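Some notes on the structure that comes next.
Please read these numbers as outputs of a predicted model, since none were measured by experiment.
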Amino acid sequence: MGKGRSKGPLAESFLQLPGHSSTIQVIDTHTHLASTFETYYSKYRMDSKYQTVFDFIKGMYAGKHIEAVIDVWCEAPVRKLWKEFADSALREEDRKSKWGGLEYWFVMGVHPHEAKLYNDEVEADILEAMEHPRCVGWGEMGLDYHYDNSPRNIQQAVFSRQLKHAVRLNKPLTIHTREADVDTERILKELVPKEHPIHIHCFTDSPDFGQRLLDYFPNLCIGITGVVTFATNLDTPALIRRMSPPSVSPLRILLETDAPYMVPANIYTSLQDLPNSNDLKGRRLPLSHSAMIPWTADFVAGIVNGHWEGDENKVDSDWVLKVARDNARKVYSV
């Protein structure tokens, strides 16, 4: 008997998402737009509704209250595509015509996975990008001891080298850290002034580590992606509980997707209201995108509410989105 044929990806219409009750303006503080569109196009190819990244953004985000994104370029060597994206957002009329009114910003650095490829040429390209008017930070950079795709000593050296430049240029920091608590904390405290703005991207490490960073760096915020909704992730919710009222208010969090990765698990309940929802059984969306952030906010609100007594103090996704939006202004000045 032959093997059964794959059903292929879920219908593209599921990616359009149902409407969310919140109408608060959203900023996705960490997304990879080129990779997101490339993932989308690889799944749907010539049958795809959108043939360019600009059409994808305008179509997927229409009516979804996405105010701004911070696009992350973290490859080595640097992808030259960054300049096409950034230049296309220089003029307000281009942001309206090409980006559908979206405010496009970006950060650039080298991911710890690719630290072994960091060299003077890569650094020169990043330094050039730092001068662009749409560049708002350096990253993502840091340490990843989970995969160890680059040797740890090289990761540390490249992380330190990037931090020194970013601090010198007064650029906000976008930090990737995974299972590297001791070295990440040590290097940050050695090289970064206490008042410097820092975004710890997609935090999944120990709550104690996160709390130490929050206590030491007053302008540091914790990035929350859809991974907070995963049943296997206990650490991110635990840190949010530590930050939740009445202990500290407001939350020092940023909302992000890390698209095309980490679709919020709670979004599938809402997708049941769409046509052909029976197709969802046992299947998952092939990518995430910025319009999914309100579902992450829903989940965070549920965590925060676990610390309040009485319905009069309950928060909702609007509250979480407003807090995260204010924090994005403080960290990235967007």
Are [X] and [Y] side-chain neighbours, meaning at least one heavy-atom pair lies under 4.5 Å?
X	Y	answer
Phe217	Lys189	yes
Val110	Leu117	no
Pro207	Arg242	yes
Leu287	Val263	no
Asp326	Val323	no
Pro294	Ser317	no
Tyr44	Pro286	yes
Thr177	Phe209	yes

Heavy-atom closest contact ([X] atom, [Y] atom, distance):
X	Y	answer
Asp71	Thr31	OD1-O, 3.1 Å
Val331	Cys221	CG2-SG, 3.9 Å
Glu12	Ser48	OE1-CA, 3.4 Å

Pair [X], [Y]: side-chain N/O donor-acceptor within cut-off below 3.5 Å:
X	Y	result
Gln156	Arg186	yes
Trp99	Ser88	yes
Thr204	Asp235	no

Describe, in one word, how the ring planes of [X] and [Y] are oriented to each other, choosing from parallel (under 30°), tilted (30 to 60°) and perpendicular (over 60°).
X	Y	result
Tyr40	Tyr50	tilted
His111	His113	tilted
Phe54	Phe85	tilted

Between [Y] and [X], does any NZ, NE, NH1 or NH2 come within less than 4.0 Å of an OD or OE carboxylate oxygen?
X	Y	value
Glu84	Arg79	no
Lys80	Asp125	yes
Asp215	Lys194	no

Any donor-acceptor pair under 3.5 Å linking the side chain of [X] with the backbone of [Y]?
X	Y	result
Thr229	Ala265	yes
Ser150	Lys116	yes
Glu114	Ala76	yes
Lys83	Ala129	no
Tyr268	Leu285	yes
Asp205	Glu179	yes
Gln155	Asp144	yes

- prompt: Among Ile198, Leu254, Leu214, which one satisfies side-chain contact (heavy atoms from CB on, under 4.5 Å) with Ile222?
  reply: Leu214
- request: For Trp82 and His132, run ring-ring contact (aromatic ring centres under 6.0 Å, His included): C-alpha distance rounded to whole Å, both residues' side-chain angles, the deciding distance at 0.1 Å, then the answer.
  value: CA-CA 11 Å; Trp82 78 264; His132 198 283; 5.8 Å; yes
message: Would Trp105 and Tyr332 count as a ring-ring contact (aromatic ring centres under 6.0 Å, His included) here? Give the steps.
response: CA-CA 10 Å; Trp105 307 98; Tyr332 288 110; over 10 Å; no
field: Atom pair CG/CG of Asp279 and Leu274 - distance to nearest 0.5 Å
entry: 11.0 Å
- line: OG1 of Thr29 to CZ of Arg325, rounded to nearest 0.5 Å, is 10.5 Å
- request: Tell me, with the steps shown, if Arg152 and Asp148 meet salt bridge (charged side-chain N to carboxylate O under 4.0 Å, His left out).
  value: CA-CA 7 Å; Arg152 293 185 181 184; Asp148 279 327; 3.0 Å; yes
task: Determine whether more than 12 heavy atoms belonging to other residues, nucleotides or ligands lie under 6.0 Å from atom OH of Tyr145.
output: yes
- request: With His199 as reference, evaluate Glu256, Glu140, His30 under the side-chain hydrogen bond (donor to acceptor under 3.5 Å, both in side chains) test and give the passing residue.
  value: Glu256
message: Go through it in stages, so that I can follow the logic: the residues are Asp316 and Lys322, the test is salt bridge (charged side-chain N to carboxylate O under 4.0 Å, His left out), and I'd like the CA-CA distance, side-chain angles, deciding distance and then a yes or no.
response: CA-CA 10 Å; Asp316 57 13; Lys322 288 176 182 176; over 6 Å; no
